[in-house]
Amino acid sequence: MATLVVHSQTSSAQDAEALQQAFKGWGADDKAIIAILGHRNVHQRQEIRKAYEEIYQEDLIKRLESEISGDFERAMYRWMLQPADRDAVLVNVAIKNGTKDYHVIAEIACVLSAEELLAVRRAYHRRYKCSLEEDVAANTTGNLRQLLVGLVTSYRYEGDEINVKFSQTEANVLHESVKEKKGNSEEVIRILTTRSKTQLVATFNRYRDEHGISISKKLLDQTSDDFHKVLHTAIRCINDHKKYYEKVLRNAVKKFGTDEDGLSRVIVTRAEKDLKDIKELYYKRNSVHLEDEVSKETSGDYKKFLLTLLGK
């Protein structure tokens with residue numbers, strides 16, 4: 001369930017005019033900006049952007065970039081994009097930035113549906129004038145390249161059918177590969193990038209039943225290299241993406257120095273989808289409300305904006 005509290009009593013033209021008023025004078029009225037855009041769904045935000053450009057001959061996103069700054073600006077920029085465009089930007093940043101956040105690429109590729117991932121690849125074409133897989137391949141090597149390219153180009157079957165024989169044999173393949181980093185990486189990549197999520201969950205369950213430990217926990221001992229880190233992320237996202245996001249949020253606020261990028265990414269991308277469920281998981285796991293942690297670890301308009309998206 002979503003956390004976004006939508007207000008729909010005004011027209012997109014009225015919202016555009018109110019935003020223009022918020023931009024006037026010395027410094028933008030950030031409170032007004034949050035009150036409007038923090039309570040509009042994706043369709044309403046696109047209509048506001050369209051109305052703003054028609055009335056003022058100016059791109060609303062570019063105006064926002066010039067009026068606000070810091071973590072607030074980055075979160076608002078991503079909030080204003082269409083979901084496919086937003087994910088295309090997140091993947092590009094993950095590829096091109098110095099830290100090489102390959103786990104973000106795996107996260108997006110494994111959480112989205114087949115059609116949603118296809119939409120991200122199209123958006124990437126339009127925005128960056130090359131294919132997503134081209135950029136991924138150009139910035140990776142070896143098994144990591146094969147795994148990431150396979151994940152971002154996958155178009156998984158989304159039915160409920162399970163082949164019990166496959167779940168048995170492929171759980172064994174995964175076990176051999178994970179055990180002391182030996183085994184057939186090509187087969188692991190084939191399994192992770194081609195099987196349906198339903199089939200993969202059955203395989204992960206078989207692995208746990210036979211070996212007394214989940215494959216993701218087993219991989220925790222081997223996540224020193226990028227390939228195994230991405231493998232771990234992919235398995236966690238396919239198996240239960242809500243639990244995965246809860247851990248991203250927990251790590252973002254618990255580590256020394258808040259990870260604003262991880263915090264913003266989860267809240268902005270899930271506010272209109274399942275952030276309420278993720279919040280509940282967070283409370284069960286940590287005995288503290290996510291809103292309280294966000295309030296403690298962030299400040300200013302950035303804090304106000306995140307709390308608005310959390311439904312506070």
Side-chain angles (χ1 to χ4, degrees), residues 1-8 22 27-42 44-45 64 67-81 83 86-87 89-90 93-94 99 101 103-104 107-108 110-111 214 216-217 220 232-233 236-237 239-312:
M1 293 176 66
T3 54
L4 178 68
V5 179
V6 177
H7 299 165
S8 57
D29 183 351
D30 295 341
K31 185 178 179 181
I33 294 170
I34 294 169
I36 297 167
L37 298 177
H39 292 288
R40 302 294 184 270
N41 63 33
V42 62
Q44 291 170 324
R45 297 195 300 276
L64 283 165
E67 295 287 347
I68 59 180
S69 61
D71 295 320
F72 177 39
E73 181 272 320
R74 282 186 287 276
M76 181 61 77
Y77 171 77
R78 291 169 182 178
W79 178 245
M80 288 300 297
L81 294 174
R86 178 197 302 143
D87 287 334
V89 169
L90 288 170
V93 170
T99 57
D101 295 324
H103 66 281
V104 175
E107 171 188 309
I108 290 168
C110 294
V111 171
S214 70
S216 59
K217 286 183 179 177
L220 279 176
H232 182 255
T233 297
R236 291 213 66 199
C237 288
N239 203 29
D240 190 334
H241 72 269
K242 294 176 186 177
K243 284 186 178 179
Y244 166 80
Y245 281 129
E246 183 279 324
K247 187 169 184 180
V248 172
L249 291 169
R250 184 173 5 122
N251 289 342
V253 297
K254 297 290 185 184
K255 68 190 295 187
F256 181 75
T258 307
D259 175 13
E260 285 84 2
D261 190 65
L263 188 62
S264 296
R265 187 176 77 252
V266 177
I267 292 175
V268 167
T269 60
R270 309 314 295 181
E272 296 180 86
K273 294 185 175 181
D274 51 13
L275 189 53
K276 187 174 181 181
D277 301 328
I278 296 166
K279 279 171 51 179
E280 290 172 358
L281 281 173
Y282 190 93
Y283 183 76
K284 286 179 183 177
R285 176 66 175 74
N286 304 284
S287 301
V288 61
H289 292 292
L290 179 59
E291 295 94 325
D292 295 336
E293 290 282 64
V294 169
S295 185
K296 184 174 69 174
E297 298 295 334
T298 59
S299 61
D301 295 312
Y302 177 57
K303 176 174 82 171
K304 292 173 188 173
F305 182 51
L306 293 187
L307 290 176
T308 299
L309 297 189
L310 283 164
K312 188 74 170 179

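Residue numbers run from 1 in the order of the sequence given.
Taking CG from Asp29 and CD from Glu67, the interatomic distance works out to 10.5 Å, rounded to the nearest 0.5 Å. Separation of atoms NE2 (His289) and OG (Ser295) is listed at 13.0 Å; rounding is to 0.5 Å. Separating the CZ atom in Phe72 from the OG1 atom in Thr298 is a distance of 12.0 Å, to the nearest 0.5 Å. Here CG of Asp71 is found 13.0 Å from CE of Met76. Values are rounded to the nearest 0.5 Å. The SG atom of Cys237 lies 13.5 Å from the NZ atom of Lys243; values are rounded to the nearest 0.5 Å. Separating the CG atom in Leu90 from the CG atom in Asp261 is a distance of 7.5 Å, to the nearest 0.5 Å.
Salt bridge present: Lys254 and Glu293 bring a charged side-chain N and a carboxylate O closer than 4.0 Å.
Legend: side chain to side chain donor-acceptor pair (under 3.5 Å) pairs involving residues 271-280, not counting sequence neighbours, sorted by first then second residue: Arg45-Glu272, His241-Asp274, Lys242-Asp277, Arg270-Asp274, Lys279-Glu291.
When every heavy atom of Gly262 is checked against every heavy atom of Val248, the shortest pair comes out as O-CG1, 4.1 Å. The two residues Tyr282 and Val288 come nearest to each other via the heavy atoms CD2-O, 3.5 Å. Contact between Ala75 and Val268 at its shortest, heavy atoms only, is O-CG2, 3.9 Å.
With hydrogens and angles ignored, the 3.5 Å screen pairs no side-chain donor or acceptor of Trp79 with any backbone N or O of Arg74. Checking side-chain atoms of Gln44 against main-chain N and O of Asn41 turns up a donor-acceptor pair under 3.5 Å. At least one donor-acceptor pair closer than 3.5 Å links the side chain of Arg86 to the backbone N or O of Arg78. With hydrogens and angles ignored, the 3.5 Å screen pairs a side-chain donor or acceptor of Arg40 with a backbone N or O of His7.
Contact of the Val42 side chain with the Pro83 side chain is registered, since non-hydrogen atoms from C-beta on lie closer than 4.5 Å. His232 places a side-chain heavy atom less than 4.5 Å from the side chain of Arg236. Looking at heavy atoms from C-beta onward, Leu37 lies in side-chain contact with Leu64 at the 4.5 angstrom threshold. When side chains are defined from C-beta on, His39 does not count as touching Leu4, because their heavy atoms never get closer than 4.5 Å. Looking at heavy atoms from C-beta onward, Ile68 lies in side-chain contact with Asp30 at the 4.5 angstrom threshold. When side chains are defined from C-beta on, Arg265 does not count as touching Tyr245, because their heavy atoms never get closer than 4.5 Å.
Side-chain atoms of Asn286 and Glu246 form a donor-acceptor pair, as typed in the model, at a separation below 3.5 Å.
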Leu275 vs Ile267, test: side chain to side chain contact (heavy atoms under 4.5 Å, CB included). Steps then yes/no.
CA-CA 7 Å; Leu275 189 53; Ile267 292 175; 4.0 Å; yes

Cut-off 3.5 Å, no hydrogens considered: what does the side-chain donor-acceptor table look like for residues 300-312, sequence neighbours left out?
| unit_1 | atom_1 | unit_2 | atom_2 | d |
| --- | --- | --- | --- | --- |
| Tyr302 | OH | Glu260 | O | 3.2 |
| Tyr302 | OH | Ser264 | OG | 2.6 |
| Thr308 | OG1 | Lys304 | O | 2.7 |

